[in-house]
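The figures here come from the full heavy-atom set of this structure, side chains too, leaving out hydrogens, waters and symmetry mates.
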Protein chains: 2
Amino acid sequence: MNDTRIHMIHERFRSVVALAVRLEQTPRSFGTDENLTSSEIHLIEIIGDNAEALSVTDLSKVLGVTKGAVSQNLKRTENKGLTLKIEDPQNSSRAIVKMTAKGKTAYFAHKHWHETMDGGFKEFFLNLKPERIDFLIDFLAKLETFLKKALM
Amino acid sequence: MNDTRIHMIHERFRSVVALAVRLEQTPRSFGTDENLTSSEIHLIEIIGDNAEALSVTDLSKVLGVTKGAVSQNLKRTENKGLTLKIEDPQNSSRAIVKMTAKGKTAYFAHKHWHETMDGGFKEFFLNLKPERIDFLIDFLAKLETFLKKALM
DNA sequence: TTATAAGAGTATAGCTACTAAACACATAGG
DNA sequence: CCTATGTGTTTAGTAGCTATACTCTTATAA
């Protein structure tokens, strides 16, 4: 039907994905003197969100990466003074990952940033008719299926 | 208003971005015996799309990366037997990047794959009312502005 | 009880993809 | 002719990951 319009959606979508990726991989400071990469702040986010004591293996399961990767990232956040590891009293082969005060500063600064972002997102949707929101959810779901299929 | 719905959109959007990224960084074979990464096939795509003779510097400008990066990537595609460099007869400090038959196979296989993808995309939109397409374009444009603002 | 298997964490090498800086040439302009 | 600019390569460094090999601890089973 209207090829130009469809092409516009395609192009805009590509642009949005590119922007989202760039946003994801731009290191930011989050209230401390250290610049944190996305995987570092992601680590901090998960440690802070979980009240239970998490081990390296726990983190690797939550993050969906190998424990080697978690070990490497924890070394960096530890060097930056954000996290530390203490020995599990019940199991000395296990380490429990904790946050320092500096780590908590970064955690809450990140949370606040997210709330601002989410707030902007929310405000945008408040003026939308419910059927449009339904349509958007449906569109994104179809897009998801489409991309999954493209991935074989 | 409806926080759960907005949260769903947010989550689905994150998932779609993650999938698009994974699709972008999964090496595929494109009709030859070699597996090509996204930057390799991207290089092939640009060489094939341009009838004019492109140099390393030209490619770096089109791709928006340093010429060092292009040089590195060309070495890999050359090792895989997809590209070759010939000396510019007008300027022996300049190299012209050409594709081999194998490179052209990959180029057309990739083009065909893209056409299939675009076709799927198109088909999805054919059943949509024009006002919904307008709404989608508007939504993506707003999302783009929002993300740009978030990037400072 | 002791041997072995399973689990936890680390270290290292390798990969993709990029930048920045230092090179080696070639060419153009004064 | 000599310097400045342009072209391409190489190397070191960064981020983020995997896979593999390794140590140490705990659990299990004969």
Side-chain angles (χ1 to χ4, degrees), chain A residues 18 21-29 34-47 52-80 82-98, chain B residues 18 21-29 34-47 52-80 82-98:
Chain A
V21 168
R22 236 181 72 200
L23 186 63
E24 195 66 23
Q25 64 189 35
T26 303
R28 280 189 305 281
S29 77
E34 305 285 355
N35 256 24
L36 304 184
T37 65
S38 67
S39 28
E40 285 164 2
I41 197 64
H42 200 180
L43 204 50
I44 295 291
E45 189 184 2
I46 286 167
I47 298 164
E52 331 84 73
L54 293 177
S55 67
V56 175
T57 303
D58 293 337
L59 284 168
S60 81
K61 278 172 191 159
V62 176
L63 289 162
V65 295
T66 61
K67 49 195 181 134
V70 173
S71 183
Q72 287 166 25
N73 286 332
L74 278 175
K75 201 156 70 178
R76 270 187 291 146
T77 53
E78 200 160 336
N79 287 341
K80 290 181 178 180
L82 301 160
T83 60
L84 57 125
K85 272 167 293 194
I86 54 169
E87 195 178 278
D88 184 341
Q90 266 78 56
N91 182 339
S92 53
S93 83
R94 221 176 90 104
I96 289 168
V97 181
K98 293 270 177 193
Chain B
V21 169
R22 237 181 72 201
L23 186 65
E24 195 66 23
Q25 66 188 34
T26 303
R28 280 187 306 279
S29 77
E34 305 284 357
N35 257 22
L36 304 184
T37 65
S38 67
S39 29
E40 284 162 5
I41 197 65
H42 200 180
L43 204 49
I44 296 291
E45 190 184 1
I46 285 169
I47 297 164
E52 330 84 72
L54 293 177
S55 67
V56 175
T57 302
D58 292 338
L59 285 167
S60 81
K61 278 172 191 158
V62 175
L63 289 161
V65 297
T66 61
K67 50 198 178 129
V70 173
S71 181
Q72 289 166 25
N73 287 333
L74 278 176
K75 200 156 70 178
R76 271 187 291 146
T77 54
E78 200 159 336
N79 287 340
K80 290 181 177 180
L82 302 160
T83 59
L84 58 123
K85 273 167 295 193
I86 55 170
E87 195 178 278
D88 186 342
Q90 266 77 55
N91 182 340
S92 53
S93 83
R94 221 175 90 104
I96 289 167
V97 180
K98 293 268 176 195

Under 4.0 Å between a side-chain N or O of [X] and OP1 or OP2 of [N]?
X	N	value
B:Lys75	D:dT10	yes
B:Asn73	C:dT16	no
A:Ser71	C:dA11	no
B:Lys85	D:dT9	yes
A:Arg76	D:dG16	yes
B:Ser92	C:dA26	no

Please determine, for the side chain of [X], which listed nucleotide ([options]) has the closest atom?
X	options	value
B:Thr66	C:dA26, C:dA20, C:dT10	C:dA20
B:Ser93	C:dT10, C:dG7, C:dA26	C:dA26
B:Asn91	D:dT9, D:dT25, C:dA26	C:dA26
B:Ser38	D:dG8, D:dG16, C:dA17	C:dA17

Within this structure, what is the [atom1]-to-[atom2] distance between [X] and [N], rounded to whole angstrom?
X	N	atom1	atom2	value
A:Glu87	C:dG9	CD	C1'	12 Å
A:Ile96	C:dA8	CD1	P	13 Å
A:Leu74	C:dA11	CG	P	12 Å
A:Lys67	C:dT10	NZ	P	10 Å
B:Glu40	C:dT16	CD	C1'	9 Å
A:Glu78	C:dG9	CD	P	13 Å
A:Gln90	D:dT25	CD	C1'	15 Å
B:Lys80	C:dC15	NZ	P	11 Å

To the nearest 0.5 angstrom, please state how far the [atom1] atom of [X] sits from the [atom2] atom of [Y].
X	Y	atom1	atom2	value
B:Thr57	B:Lys67	OG1	NZ	5.5 Å
B:Ile96	B:Ile47	CD1	CD1	12.5 Å
A:Ile41	A:Ile46	CD1	CD1	11.0 Å
A:Glu78	A:Ser71	CD	OG	9.5 Å
B:Leu36	B:Ile44	CG	CD1	7.0 Å

Indicate, with a heavy-atom threshold strictly under 4.0 Å, whether B:Ala69 touches base, sugar-phosphate, or nothing.
-> base
Flag the pair A:Glu34 / A:Asn79 as yes when at least one side-chain heavy-atom distance between them is below 4.5 Å, and no otherwise.
-> no
Does A:Lys80 reach the main-chain N or O of A:Asn35 with its side chain, forming a donor-acceptor pair under 3.5 Å?
-> yes
Which parts of residues 53-65 of chain B get close to DNA chain C, meaning a heavy atom less than 4.0 angstrom away?
-> B:Val65
Base of D:dT18 paired with side chain of A:Gln72 (donor-acceptor, under 3.5 Å) = yes
Just checking, any donor-acceptor pair under 3.5 angstrom between side chains of B:Arg76 and B:Asn73?
-> yes
